[in-house]
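Worksheet for the structure shown next.
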Amino acid sequence: MPIKTVTRYVAECDVCGTAYGSDSAFERAIHFTTREDAVDLVHDDPEWLVTTDGRVICLLDDDAHQAALDALMPPAPAAVCDGQTALDF
Ligand SMILES: [Zn+2]
């Protein structure tokens with residue numbers, strides 16, 4: 001039996017490095033045969049996020065993950081009201 005090189009894909013959180021499917025010490029990362037298969041499965045998991053630029057983020061509830069999610073949000077729009085005079089700072 002020959003020893004062969006096999007390429008597989010593993011989705012890892014861009015913030016903490018957790019591999020998809022290895023959330024506990026007793027589980028192993030899920031290996032995918034294609035990048036598209038990895039993106040499809042992780043995209044369908046509500047506890048993970050795949051961004052439009054290809055980043056993968058698990059939705060662990062801590063400051064680092066919240067900061068990563070906040071960075072994805074567009075800047076807040078400036079409040080503009082009719083007849084309002086802008087203040088110079
Ligand atoms: Zn994470």
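Start at 1 and go down the list; that is how both ligands and their atoms are numbered.
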Under-2.8 Å protein N/O/S neighbours of the Zn ion (ligand 1), ordered by chain then residue number:
C13 SG, C16 SG, C58 SG, H65 NE2

What are the two closest non-hydrogen atoms of A68 and R55, and how far apart are they?
CB-NH2, 4.3 Å

Residues clustered with L59, ILVMFWY side-chain links under 4.5 angstrom:
V15, L49, I57, L69, L72

Partners of R35 by salt bridge (Lys or Arg N to Asp or Glu O under 4.0 Å), sequence neighbours excluded?
none

Report the residues that fulfil side chain to side chain donor-acceptor pair (under 3.5 Å) with Y20, sequence neighbours left out, ordered by chain and then residue number.
D45

Whether over 12 other heavy atoms sit under 6.0 Å from D63 CG:
no

I'd like to know whether CG of D61 has more than 12 heavy-atom contacts from other residues, nucleotides or ligands below 6.0 angstrom.
no

